[in-house]
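Notes for the one structure printed next.
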Amino acid sequence: MSNDVEITAQIVAEHGLNQQEYDTFCQQLGRTPNLTELGICSVMWSEHCSYKSSRIHLAKFPTTGKKVICGPGENAGVIDIGDGDAVIFKMESHNHPSFIEPYQGAATGVGGIMRDVFTMGARPIALLNALRFGEPEHHKTRSLVAGVVAGIGGYGNCVGVPTVGGEVNFDAGYNGNILVNAMCVGLAKADSIFYSAAKGVGNSILYVGARTGRDGIHGATMASAEFDDDAEEKRPTVQVGDPFTEKRLIEACLELMATGNIIAIQDMGAAGLTSSSIEMADKGGVGIELDLDRVPQRETGMSAYEMMLSESQERMLIVLKPGTEDSSRRIFTKWELDVDVIGKTTDTGNLTLQHHGETVCDMPIAPLSDLAPKYDRPWVKTAKAPHLDAGSLPQRDAIDVLCRLMSAPDMASKRWVWEQYDRHVMGDTLMASASGSDAAIVRVRQTDKALAISSDCTPRYVKADPYRGGKQAVAESWRNLIASGAKPIAITDCLNFGNPERPEIMGQLVQAIEGMSKACKKLSYPVVSGNVSLYNETKGSAIPPTPTVGGVGIIKDISTAMGFASAKEGDMLILVGDTKGWLGSSIYAREIENLSGHKPPPVSLSSELQNGKFVRKANKKSLLRAVHDLSDGGLACAAADMAIASNVGVVLEPHSVLSDHAWYFGEDQARYLLSIDAANYDKLQKLAIKKGVSVSYVGEVRGGDIRLGSSRINLSDLQNKWEQWFPKFMEKTDANASK
Amino acid sequence: MRVAVIVFPGSNCDRDAADAIMQVTGKMPKMVWHREAELNSIDLVVLPGGFAYGDYLRPGAIAAQSPIMKQVRAHADAGRYVLGICNGFQVLTEIGLLPGVLMPNSGTKFVCKPLKLKVENSDTAFTNGYKNNSSISIPLAHHDGNYLVQDDELSQLEDNGQVVFRYEVNPNGSVNDIAGITNQQVNVLGMMPHPERAMGKTDANNDGETLFKSLMEALQ
């Protein structure tokens, strides 16, 4: 990888730049770039770093709000949670690496998202992950599940940040391209947030953390292309994680942040040293000069090209206030981390790289972001999905259906997964995956406040109708936080789609963003950070469109935290919201009738708002014992969840008009199931009338059975079916696949 | 009770242990960096959970070579108290203050779950607040908690009442379902489950608090 090679059209193409992009680069440079410069431009202008296909549409998201301290554009979003505290959070994808090398791909996804959060001054306090695998029968699925889960646990457990929630789904659409979306939430002081703008000239640039190796070179470019048959051969572009270094890096950075030595700080994520140095310089309006001989290296003979494009993990770049170099260095030495001053800020506006006494790169920084390609790619509207008439479906025994749904891969207990995650380290986890709540709940250390955090998306809805599905993902996130007793504040998102150069895929992205934006605006639920992952395709077959929503809400008093594990014998079951019995694109349609692609349930944002506010009010008035949002599998599955979590039976009455399958399993939105003390019924009813919300008595908490009308099953029998699917599925290759 | 919590670079339950001590004694313990070499006038040393050196080589193996461990040994030899939780237990076996080893779980996976333990010996400074043979609930979170010890040492542990906690359902393959043991002098306890996670703070379970209260009473 010498810098002397002639830049041919083939080399340009291998770097993922098209002719027009390359011409723009050359024009601005006024000459032909050398290989290092070409490499740097190619990663900066990759889809992964430049968001060239999505930028104009991302601008549609609402990103501001009373509580927003910092929206998209920095490493993560920052919101104000009062009392001088701030919450910093973001979600990011690590899809391609995880498919190639599941353990390391997932582990480094967790590591990367934590760095985005502590870079801004926060101590990470919670991790979530949204995982989508291929169909269980696919020959790769089991080993991918085992590897990804072990990787997530292996990293998060070691660093000592609890993994408190997430999603695990299966669909044949992910057979050749799984999704691993990791979310991190951190806690900081609102007056002590750190940003990436490298202001001032002549300031030292400190490199800290792991040494630079040849791993991950061109990871960002890989994440910007489809897979083909040689996906396996891309393994060398997958980075290797070291959580022990990450742990020390967190402690050392937080210690340095307390000194006041820092002007700017940025982690080296995708495109490593290149994007971190360029972004810092660009935001600060300065130039940067780096002496690559000073970069701590773990391999010999690395070229400038390799060093600049390496995606070795657990590295940070810091711009220091003058005269603080030695005191800063001491902190990293104490934590046994490599540290060196590798350059300084300049007034040239250029990125200048010295290597072995030669200038190997000298080019203006601003055009790399100013002239970065931005495409308004052609897109088409997704074809209108047909309506599914619930009346056309055959009658079935409701309990039999319930058993099949509760033991379906998407619905079955994920205990096998979350028992491998340390959910309680740091001592503030109130509700995690095991606990029976719609969101994870983590206390704000040494206060009575808590955060509710949830991750949501229903890809089968988005696929059938991207606009409606986008709206629904946001609405469900909001509803899950409400059901946990929280006030929803803001979201991060991870938009996973196929190849944007295909108009129908671009159409999915555009419509989903528009649906999400609509919901975010109506629910005052801004987007403060996020990530776009495109080209999730293998051999021309795209994944189901999956815009994952990571929601964060605040619970002012932990005694008002809510869940669905607290229903009691004798309670009344109350349904909030209207039920029309919508079965299009439902779990029922897919699992029982083998039907998909029908119009998903309508999302009335005004009903969401109204019903959500009502539930919050009822909770504040202490009228509720347990709350569960209604989503996949509708009323019956929500009631079954509640029964299992609360260890008591439930009885649901049939509907007077609707057929059993529409009533019990319809997925109409904006609904909650409440378990209340019968003595509170009148008060709840009055409140509902006052708020104009429809509530109806649907059954009660009683006995040791789940009863749907005249059909019943013993609670522990249902629980066994629900618990057994995952371990049975995994046991076949469990022993040799875990690492 | 003067308490020190040892902090290795990869300790991650050090704050949790300190919070537990604070909750019971009303006083923050001294946080001692592993390269410091002083443990003067300390009654109880806590070796916290975590991954002291990333579990490289073997859990606890590198930590056992840290400068502070000479002091911890001297502290124990002088009859003062040492509590090793999870990774702390692994470190204690590595330096030989407790017999045996902690191998990877028999299921080969990390396991995090609440668990019932049987209190086998309530006649120690660590456990005198529990009723003998009582069942307590203490959460567990580890990858290497599969306790193994040579047969003769095992009989000795059992005969001397050094097995203080036993799993009611074995989660990791430990011999004789052992969850926690003391040394012969009964001033060093190592246990895999995390009592500092059962302090009645995040749920109603405060079975772990009893252990710290027992120590406080014994050491006053």
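Order of the sequence lines fixes the chain letters, A, B, ..., with proteins taken first and strands second; residue numbering starts at 1 for each chain. Owing to the predicted nature of the structure, the values given are computational and were not obtained by experimental measurement.
- Here B:Trp33 contributes atom CH2 and A:Trp335 contributes atom CH2; the two are 4.0 Å apart, rounded to the nearest 0.5 Å.
- Checked for salt-bridge contact, A:Asp422 and B:Arg197 meet the test: a charged N lies under 4.0 Å from a carboxylate O.
- Here the straight-line distance linking atom CD1 of A:Ile250 with atom CG of B:Asn12 works out to 10.0 Å at 0.5 Å rounding.
- We find the CD-OG distance between A:Glu251 and B:Ser11 to be 9.5 Å, quoted to the nearest 0.5 Å.
- Residues of residues 202-220 of chain B lying under 4.5 angstrom from chain A, judged on non-hydrogen atoms, are B:Thr202 by number.
- Inspection of non-hydrogen atoms places no residue of residues 557-565 of chain A under 4.5 Å from chain B.
- Here the straight-line distance linking atom NE2 of B:His142 with atom CG of A:Asn157 works out to 11.5 Å at 0.5 Å rounding.
- Remark: A:Ser566 engages no residue in a side chain to side chain donor-acceptor pair (under 3.5 Å) (not counting sequence neighbours).
- Within a 6.0 Å sphere centred on CD of A:Glu336, other residues, nucleotides and ligands contribute more than 12 heavy atoms.
- For A:Val149, no part lies under 4.5 angstrom from a heavy atom of chain B.
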Test side-chain contact (heavy atoms from CB on, under 4.5 Å) on A:Gln420 and B:His143 and set out the steps. CA-CA 9 Å; A:Gln420 298 186 54; B:His143 186 277; over 6 Å; no

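- The choice from A:Asp428, A:Thr245, A:Ile441, A:Val425 that makes the most heavy-atom pairs within less than 4.5 Å of chain B is A:Val425.
- In this structure, the portion of A:Arg443 lying under 4.5 Å from any heavy atom of chain B is its side chain and not its backbone.
- For NZ of A:Lys556, the number of neighbouring non-hydrogen atoms (other residues, nucleotides, ligands) closer than 6.0 Å is 12 at most.
- With respect to chain B, the highest number of heavy-atom pairs below 4.5 Å among A:Lys247, A:Glu419, A:Arg248 belongs to A:Glu419.
- Taking 4.5 Å as the heavy-atom cut-off, the residues of residues 42-55 of chain B that approach chain A are B:Phe51, B:Ala52, B:Tyr53, B:Gly54, ordered by number.
- With rounding to the nearest 0.5 Å, the separation of CZ in B:Phe110 from SG in A:Cys158 is 9.5 Å.
- We find the CZ-SG distance between A:Arg423 and B:Cys112 to be 4.0 Å, quoted to the nearest 0.5 Å.
- Contact of the B:Lys113 side chain with the A:Trp418 side chain is not registered, since no non-hydrogen atoms from C-beta on lie closer than 4.5 Å.
- Heavy atoms of B:Pro9 lying under 4.5 Å from chain A belong to its backbone as well as its side chain.
- The choice from A:His424, A:Met431, A:Gln446 that makes the most heavy-atom pairs within less than 4.5 Å of chain B is A:His424.
- With a threshold of 4.5 angstrom between heavy atoms, A:Arg415 does not approach chain B through any atom at all.
- With contacts defined as side-chain heavy-atom distances shorter than 4.5 Å, the pair B:Arg15/A:Arg445 qualifies.
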